[in-house]
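A short write-up of the structure that comes next.
Below, chains carry the letters A, B, ... as their sequence lines are ordered, and counting in each starts from 1.
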Amino acid sequence: MSRSKVAQEILALREEIREHDRAYYRDAHPTISDQEYDGLIVRLRELEDLHPDLITEDSPTQRVGGDPLEEFRSVPHSVPMLSLDNTYNAEEMRAFDQRVRRGLDLPEDAPPIEYAVEPKIDGVAVALRYQGGRLALGATRGNGVEGDDITLNVRTIRGLPLVLPKGAPSELEVRGEVYMPLAGFLQLNEAMERQGLKQYVNPRNTAAGTLKLLDSSTVAARPLAIAVYTLVNADQYNLETQLDMFRFLGDLGFPTQGAELCRGADEVMEAIETWGDRHPGLGFDVDGLVVKVNHFNLYDELGATSKFPRWAISYKFPAEEKSTKLLDIVLQVGRTGAVTPTAILEPVFVSGTTVSRATLHNADEVERLDARIGDTVVVKKAGEIIPKVERVLLNERPAGAKPFRYPKDCPSCRAELVREDVLIRCINLACPAQLERSVMHFASRGAMDIEGLGEKLVLQLVREGLVKDVSDLYKLTVEKLGDLERMGEKSAANLVMGIESSKQQDLARLVYALGIRHVGSQGAKVVARHYQTMEALMGADESELEALDEVGPVIAASIHEFFNRKANRDLVARLQTAGVNMESLETPSEEEPLLAGEIIVVTGTLEKHSRNEIKALIEKFGGKVTGSVSKKTTFLIAGSEPGSKYDKAQTLKIPVLSEAEFLRRLGQ
DNA sequence: ATACCTCGAGCTCC
DNA sequence: CTCGAGGTAT
């Protein structure tokens with residue numbers, strides 16, 4: 001066969017395969033059998049093997065990558081991947097509608113808001129970036145700001161276009177949910193059983209595990225699917241609504257679940273009911289619905305809270321409930337000495353996993369439930385994840401079950417327990433359980449991030465007396481570690497290396513790692529950025545701390561008290577001697593804080609900067625950006641076609657600057 | 001080959 | 001809170 005003939009057949013095969021992909025994955029209407037489909041792939045691979053130079057990156061045979069990866073690269077997200085606020089019933093959904101209407105200053109009799117309602121698939125969220133029309137990057141959500149680069153794995157998901165059709169924007173980013181359809185999951189488990197291997201428990205965990213396989217050829221053999229639900233910065237593609245966006249995504253060849261248009265809260269509730277009835281038969285797990293305001297031009301005005309956008313919300317279907325026996329209530333001592341009760345349950349399968357323990361939070365909760373050992377309790381999973389003891393079935397209570405009584409002394413050190421409001425606390429500073437928890441906290445990911453130092457190891461180190469406070473970690477050597485159980489040379493060397501590299505962490509992480517009460521990662525960042533060195537922070541007085549943005553009296557007092565104690569100052573000194581970095585690595589803004597105290601809102605389309613750039617610029621100069629105009633707003637930056645924020649600024653007599661005027665003010 | 005450990009995914013409640 | 005993957009120990 002001549003080369004040009006082969007080239008022709010290759011092109012034709014690729015087009016045919018893509019059409020079948022679209023029919024199967026996007027339209028859910030397979031047009032040929034699986035065998036026929038595989039036949040096409042085999043034929044294409046044969047031809048490509050014959051003429052390797054004709055292989056292109058976008059060929060359906062190229063979905064599978066080459067050699068397994070060593071590890072995943074971490075990549076920053078272009079726009080943070082946030083989650084949505086949740087509702088659980090009609091009342092909360094109506095309250096959301098009311099908030100939207102109020103946020104838009106709509107009169108009572110205004111027509112209903114249009115919402116786009118779509119199913120929320122229970123899977124793993126991913127971001128997909130296309131460059132030059134090609135799939136260039138796939139990433140997990142990670143912490144929302146940074147995720148793992150799983151490009152090679154997402155490439156194997158059939159139905160996901162590797163190349164966008166001609167005329168598509170050359171740069172774009174979409175987000176979607178990767179999941180495992182129930183049929184595929186069952187088949188996979190049958191295959192596992194045939195091979196005498198362990199079966200998987202639920203499709204969600206299997207999908208999540210699959211995406212994190214280092215060898216993409218194994219991923220390719222797993223039945224993953226994807227539904228895309230967001231086009232990042234959709235308003236920049238001449239799209240006006242969520243429904244437009246879904247049409248656009250579909251035209252680009254993305255598989256989507258689409259969305260249904262609902263006018264007002266009543267129609268949303270109707271949609272929720274029909275979806276609630278329908279979701280068991282869909283062929284994949286759906287844990288709720290996402291409700292978004294349909295028109296993009298309302299988003300700016302609605303803005304966002306610190307955590308969620310105000311123009312969207314998710315509705316969670318009622319969680320599955322199961323009853324089981326409460327076998328025991330055990331107490332756990334936390335880092336601060338707080339003693340929390342945990343329910344030990346007879347294992348029961350609920351919402352996809354076997355639950356055997358559940359937190360009871362505090363003494364009040366145990367009292368409220370009146371949970372007694374031996375009781376039959378109803379368990380469900382909040383948000384499909386966290387097990388919760390919902391209530392006690394009183395008519396099943398065995399005779400003689402006694403109310404649960406807190407012991408008088410600490411389960412770890414036998415010191416007397418003290419009641420502070422709802423909390424029961426062990427106030428023995430030398431309590432070993434507290435030391436264990438504080439070392440774990442110190443090593444944890446958000447703190448010093450010491451790789452390889454997990455719970456079991458910390459327990460051993462503390463019990464063997466090798467670690468009496470966190471500074472002892474830096475005295476560990478391969479030889480000393482060698483005596484521990486399950487600690488070979490390799491593990492020891494890895495751990496010592498992990499500890500060594502933690503010396504270079506930023507001051508903010510160190511401050512957080514110290515475990516000062518009421519100082520979380522956010523508070524630690526604020527004080528570290530302001531004081532720059534541990535020395536300066538230790539010398540800070542209370543009122544000075546309290547004057548900082550986002551630091552209130554509680555945090556200020558707590559920090560002050562912490563460094564007032566000699567034991568704590570000594571600990572810091574030992575860490576410093578060990579070589580732990582005591583300075584902020586985040587260089588403070590070089591710029592004069594020209595915008596200090598300003599609260600700025602941006603509206604309309606700007607010429608020189610994107611919204612994110614202008615926001616970064618404002619923050620660099622010490623200003624604050626908020627989403628909506630209020631009395632507190634100090635000025636508005638308006639681009640072309642400003643929305644209702646402009647009018648609101650006018651009525652509130654808030655100054656309005658153009659982008660150029662604003663830049664001039666910064667001397668740029 | 002098997003057993004144990006760490007990590008990260010889902011992200012609610014207090 | 002539980003699961004799956006990957007790595008190391010036994």
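Taking the side chain as every heavy atom from C-beta outward, A:Leu152 and A:Phe72 never approach each other to under 4.5 Å. Annotation: side chain of A:Asp287 is not in contact with side chain of A:Phe317 (no heavy-atom distance under 4.5 Å).
Closest-nucleotide positions on DNA chain B for A:Val422 and A:Leu453 were compared, and the one nearer the 5' end corresponds to A:Leu453. Remark on DNA chain B: of its neighbouring residues A:Asn362 and A:Arg204, the 5'-side contact belongs to A:Arg204, judged by nearest-heavy-atom nucleotide. Both A:Thr342 and A:Ala492 sit near DNA chain C, but only A:Thr342 has its closest nucleotide nearer the 5' end. Sequence order on DNA chain C of the closest nucleotides to A:Asn494 and A:Arg222 puts A:Arg222 first from the 5' end.
Using a 4.0 Å cut-off, some side-chain N or O of A:Thr140 falls inside it from OP1 or OP2 of B:dA9. When the side-chain nitrogen and oxygen atoms of A:Asn205 are compared with OP1 and OP2 of C:dT2, none of them lie within a distance under 4.0 Å. Contact check, A:Lys120 against B:dC11: a side-chain N or O comes under 4.0 Å of OP1 or OP2. Phosphate contact (OP1/OP2 of C:dG7, side-chain N/O of A:Lys490, threshold under 4.0 Å): absent. Regarding contacts with the backbone of C:dG7, every side-chain N or O of A:Ser491 stays at 4.0 angstrom or more from both OP1 and OP2. The side chain of A:Arg486 contributes no N or O atom lying less than 4.0 Å from OP1 or OP2 of B:dC4. Note on A:Tyr200: every side-chain N or O is 4.0 Å or more away from OP1 and OP2 of C:dT2. Between A:Thr210 and the phosphate of C:dA5, there is no side-chain N or O to OP1/OP2 separation shorter than 4.0 Å. Taking side-chain N and O atoms only, A:Arg445 has a distance below 4.0 Å to OP1 or OP2 of B:dG8.
Heavy atoms of A:Gln460 sit nowhere under 4.0 angstrom from any nucleic acid atom. Counting non-hydrogen atoms under 4.0 angstrom, A:Glu365 reaches nothing in the nucleic acid. Among the heavy atoms of the strands lying under 4.0 Å from A:Asn86 are primed sugar atoms or P, OP1, OP2 only; no base atom is included. Counting non-hydrogen atoms under 4.0 angstrom, A:Ser356 reaches the backbone sugars and phosphates but no base. Looking at heavy-atom distances under 4.0 Å, A:Ala382 makes contact with sugar-phosphate atoms alone, never a base. Contacts of A:Gly352 with the nucleic acid, taken as non-hydrogen atoms under 4.0 Å apart, are absent. A:Thr353 comes within contact range of the sugar-phosphate backbone alone, with a heavy-atom separation under 4.0 Å but no base atom that close. As judged by a 4.0 angstrom heavy-atom cut-off over every strand, A:Leu211 is placed among residues making no nucleic acid contact. Within the 4.0 angstrom heavy-atom criterion, only backbone atoms of the sugar-phosphate kind lie near A:Glu451; the bases stay farther away.
A salt bridge is absent between A:Lys120 and A:Glu177: the closest approach of a Lys/Arg side-chain nitrogen to an acidic carboxylate oxygen does not fall below 4.0 angstrom.
A:Thr359 and A:Lys388 share no side-chain donor-acceptor pair at under 3.5 Å.
Rounded to whole Å, atom P of B:dG8 lies 8 Å from atom CG of A:Asp148. Atom CG in A:Asp85 sits roughly 13 Å away from atom C1' in B:dC11 (whole-Å rounding). Between the CE atom of A:Met180 and the P atom of C:dC3 there is a distance of 17 Å, rounded to whole Å. Spacing between atom CG of A:Asp364 and atom C1' of B:dC13 amounts to 14 Å, rounded to whole angstrom units. Straight-line distance from the CG atom of A:Leu495 to the P atom of C:dA9: 12 Å, rounded to whole Å. Rounded to whole Å, the distance from OH on A:Tyr88 to C1' on B:dC11 is 9 Å.
Distances from the side chain of A:Leu214 to the nucleotides C:dG4, B:dC14, C:dG7 place C:dG7 closest. Comparing atom distances between the A:Arg141 side chain and each of B:dC14, C:dG4, B:dC11 picks out B:dC11 as nearest. Comparing atom distances between the A:Leu213 side chain and each of C:dG6, C:dG4, B:dT12 picks out C:dG6 as nearest. Looking at the side chain of A:Arg357, the nearest of the listed nucleotides B:dC13, B:dT6, C:dT2 is C:dT2.
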Checking side-chain hydrogen bond (donor to acceptor under 3.5 Å, both in side chains) for the pair A:Asn86/A:Ser314: CA distance, chi angles, key distance, verdict? CA-CA 5 Å; A:Asn86 289 311; A:Ser314 79; 2.4 Å; yes

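Under the 30°/60° scheme for interplanar angles, the aromatic rings of A:Trp311 and A:Tyr299 are found to lie parallel.
Under a cut-off of 6.0 angstrom, the local environment of NZ in A:Lys503 is crowded, with over 12 non-hydrogen atoms contributed by other residues, nucleotides or ligands.
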